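It should be emphasised that the depicted structure is a prediction, and the values quoted were computed from it without experimental measurement. One-based numbering, in listed order, for ligands and for the atoms of each.
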Amino acid sequence: MREQIEHAETANRELRAQRVDRWYPKFHIAAPAGWINDPNGLSHFRGRFQVFFQHNPFAPVHDSMHWGHVSSADLVTWRREPIALAPSVLEDRDGVFSGSAVVSDDDRLIAYFTGHRWRNGVDEAEGNLQVQCMAVSDDGVTFERQGVIVDCPEDLLHFRDPKVWRTDDTWYMVFGACSAEHRGEVWLYTSQDMWEWEFARVLFRDPNPEAFMLECPDMFPLETAHGVKWVILYCPMGPSPSGYQARNQHNAGYVVGDWTPGGEFVQLTDYRPVDWGAQFYAPQTFEAPDGRRIVFGWMGQFGSPLPSVEDGWNGQLTVPRELTLDDDLRLIQRPVEELEQLRIHSTDLGEVSLSAEEDRLLLDDVDGAEVELELDLTRTDAERVSLAVNRTVDGHETLVSFDDLSGRVAVDRRAAGAGPRGYRAAPVPAGTERLRLRVLIDRASVEVFVNDGVAAVSSFAFPAEGPKSIRLTAESGRAEVRSLRVHRIGSIWEQDRD
Ligand code: FRU
């Protein structure tokens with residue numbers, strides 16, 4: 001595999017030399033150049049957080065999947081690492097697909113991933129031939145392949161994305177499958193030694209008959225007021241849009257239930273979206289050494305290319321978010337607290353009253369920012385209160401709005417400088433009197449957290465050329481803001497040249 005990795009590294013360096021940085025993320029993980037999709041192999045090994053990702057080093061399109069790699073001691077500053085896995089044997093001829101990594105008792109990093117081949121050798125028309133593979137690393141950087149550990153059942157067209165964890169003394173692996181009846185399922189295997197795996201059961205079948213495959217399933221426990229509950233995150237392929245939900249070509253959601261090793265998964269909640277934004281997919285979690293459950297998602301899209309393709313890159317990961325469950329078994333996600341270290345200049349604007357149609361400058365010359373805002377809904381009668389981000393003199397902008405008519409927080413890209421338009425919106429919990437928004441604004445994206453993480457909206461939002469400002473506006477009524485803080489955000493990269 002060494003040869004294939006060297007070849008990929010060389011090609012990627014050439015692509016990197018031509019990268020244009022006007023939109024390249026300042027504080028989100030992205031490929032140095034080329035394509036990124038799912039976060040893979042999230043783990044903590046040898047004192048560092050390890051983030052691998054689906055990566056095409058040759059071009060900013062989804063093709064020839066490798067595992068790219070970055071690492072960090074603190075979840076704030078990241079270092080580029082060499083490509084970790086490259087297609088190099090028959091089983092992964094058409095891609096080293098998604099998977100996970102765990103640390104063994106003898107302190108090695110064990111990666112599990114899908115070896116992918118098209119049955120007809122050219123495309124997906126006759127389905128995939130997908131097997132689960134294993135690779136081992138002593139240093140977290142170079143891996144040795146160990147071959148196939150779970151073969152593909154004959155009649156399955158999709159069978160991928162192993163996620164491994166340990167409960168008590170047993171190792172568990174879930175992955176996504178398209179059943180013989182074309183239903184999306186999560187399959188569970190077990191192992192005592194990490195090498196020999198046995199089928200245990202079909203753990204979950206999506207009740208939605210439109211879902212024919214569940215990509216990137218993840219399963220993990222979280223403490224709640226009702227005891228420990230298990231979350232299954234997954235990405236159903238197939239469901240059609242419904243109201244504000246499933247608007248993207250690819251959507252991620254979750255269910256919560258009860259599970260004990262050896263038993264069935266008992267679903268307690270309906271399917272809910274993880275994030276309401278236009279670009280959020282394939283989330284993967286891991287447990288940090290201090291017990292926090294942390295998730296990264298992929299911000300990107302298959303199908304239509306993002307405008308950054310002309311700059312030599314495509315896609316990014318979300319910031320790391322800590323996951324918890326509230327009393328209603330809703331997933332709460334907040335940027336990990338370490339991210340506050342990225343604030344390089346903060347201004348506290350205190351209480352702010354806006355009259356109808358006012359449009360007030362909060363920050364100019366923005367190159368990475370964060371806004372924290374608390375809106376007093378009992379004293380606000382505006383129809384819409386918006387942070388206009390990426391505002392340029394030519395009138396382009398993206399609106400992050402509280403919309404009183406729909407009772408939602410929306411990211412509206414109708415006037416974006418480039419790229420996809422349209423809007424996405426998350427519900428504001430009924431009865432909310434103080435609406436808290438936390439908005440992370442990178443060079444081409446926004447991530448919005450509503451009421452300390454009860455909902456999130458993550459979308460790419462490409463600005464036009466020229467200096468960008470952030471403004472606060474109220475339409476058809478007043479806005480009473482109880483607190484407002486703006487921060488400039490620094491870079492996550494260890495070296496500027498990254
Ligand atoms: C999800 C996915 C996975 C697959 C990988 C390929 O985005 O399609 O199911 O392993 O991406 O890059």
Side-chain angles (χ1 to χ4, degrees), residues 8 30-31 34-42 51-69 83-87 91-101 111-118 123-124 127-135 150 152 156-164 173-178 184-187 206 211-218 232-239 246 248-253 274-275 277-285 295-306 314-318 458:
W35 167 276
I36 186 173
N37 59 296
D38 318 351
N40 291 158
L42 304 181
V51 171
F52 301 87
F53 50 85
Q54 286 287 280
H55 176 38
N56 178 8
F58 304 111
V61 294
H62 185 260
D63 197 3
S64 183
M65 283 298 113
H66 292 56
W67 274 30
H69 185 197
I83 286 172
L85 298 169
E91 284 76 15
D92 58 26
R93 184 185 60 200
D94 298 318
V96 174
F97 271 15
S98 282
S100 53
Y112 297 94
F113 59 93
T114 298
H116 163 69
R117 260 183 296 168
W118 289 305
D123 59 26
E124 216 169 31
N128 304 303
L129 195 56
Q130 299 180 320
V131 293
Q132 316 314 323
C133 307
M134 180 178 180
V150 178
C152 186
L156 297 195
L157 301 182
H158 301 269
F159 183 68
R160 59 178 175 270
D161 307 336
K163 178 70 178 17
V164 173
M173 178 191 286
V174 282
F175 42 80
C178 166
E185 294 179 341
V186 176
W187 288 31
D206 193 327
F212 64 87
M213 163 66 186
L214 310 184
E215 292 192 305
C216 299
D218 192 348
I232 301 183
L233 287 183
Y234 61 100
C235 299
M237 295 172 84
N248 304 335
Q249 194 190 352
H250 290 83
N251 303 279
V274 179
D275 184 299
Q279 278 87 24
F280 182 91
Y281 198 62
Q284 185 178 101
T285 74
V295 67
F296 284 85
W298 166 48
M299 293 181 70
Q301 57 190 40
F302 298 112
S304 46
L306 294 170
N314 195 346
Q316 66 184 30
L317 302 187
T318 62
S458 304

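Relative ring orientation between His158 and Phe212 is described as tilted, the plane-to-plane angle lying within the 30° to 60° band. Classified by interplanar angle (parallel below 30°, tilted 30° to 60°, perpendicular above 60°), the ring pair Trp67/Phe52 is tilted.
In terms of heavy atoms, Asn40 sits closest to Ser98 at ND2-OG, 3.0 Å. Closest approach of Gly315 and Trp298 over heavy atoms only: CA-NE1, 4.4 Å. In plain terms, the two heavy atoms of Ala86 and His66 that are nearest each other are CB-CD2, 3.4 Å.
Of all atoms in ligand 1, listed by their number and element, those nearer than 4.0 Å to a heavy atom of Phe302 are 7 (O). Applying the 4.0 Å criterion to heavy atoms of Asn37 picks out, from ligand 1, the atoms 5 (C), 6 (C), 7 (O), 11 (O), 12 (O). Within the listing of ligand 1, atoms 5 (C), 10 (O) sit less than 4.0 angstrom from a heavy atom of Ser98. The atoms of ligand 1 that sit less than 4.0 Å from any heavy atom of Tyr281 are 1 (C), 7 (O). Those atoms of ligand 1 with a heavy atom of His62 less than 4.0 angstrom away are 6 (C), 12 (O).
Closest to atom 6 (C) of ligand 1, if we only count protein heavy atoms, is Gln54 OE1, 3.2 Å. If you check which protein heavy atom lies closest to atom 7 (O) of ligand 1, you get Asp38 OD1, 2.7 Å.
Between Asp218 and Lys163 there is a salt bridge, since a side-chain N of the basic residue sits under 4.0 Å from a carboxylate O of the acidic one.
Side-chain contact, Glu215 with Tyr281: a donor N or O sits under 3.5 Å from an acceptor N or O.
The shortest heavy-atom distance from His116 to ligand 1 is not under 4.0 Å.
Screening Arg93, His116, Arg117 for a side-chain contact (heavy atoms from CB on, under 4.5 Å) with Leu129, the sole residue that qualifies is Arg117.
Taking only nitrogen or oxygen atoms, main chain and side chain alike, Trp298 does not reach within less than 3.5 Å of ligand 1.
With Met65, Gln130, Glu215 as candidates, the residue nearest to atom 8 (O) of ligand 1 on a non-hydrogen basis is Glu215. Nearest to atom 3 (C) of ligand 1 by heavy-atom distance, out of Asp63, Asp161, Leu214, is Asp161.
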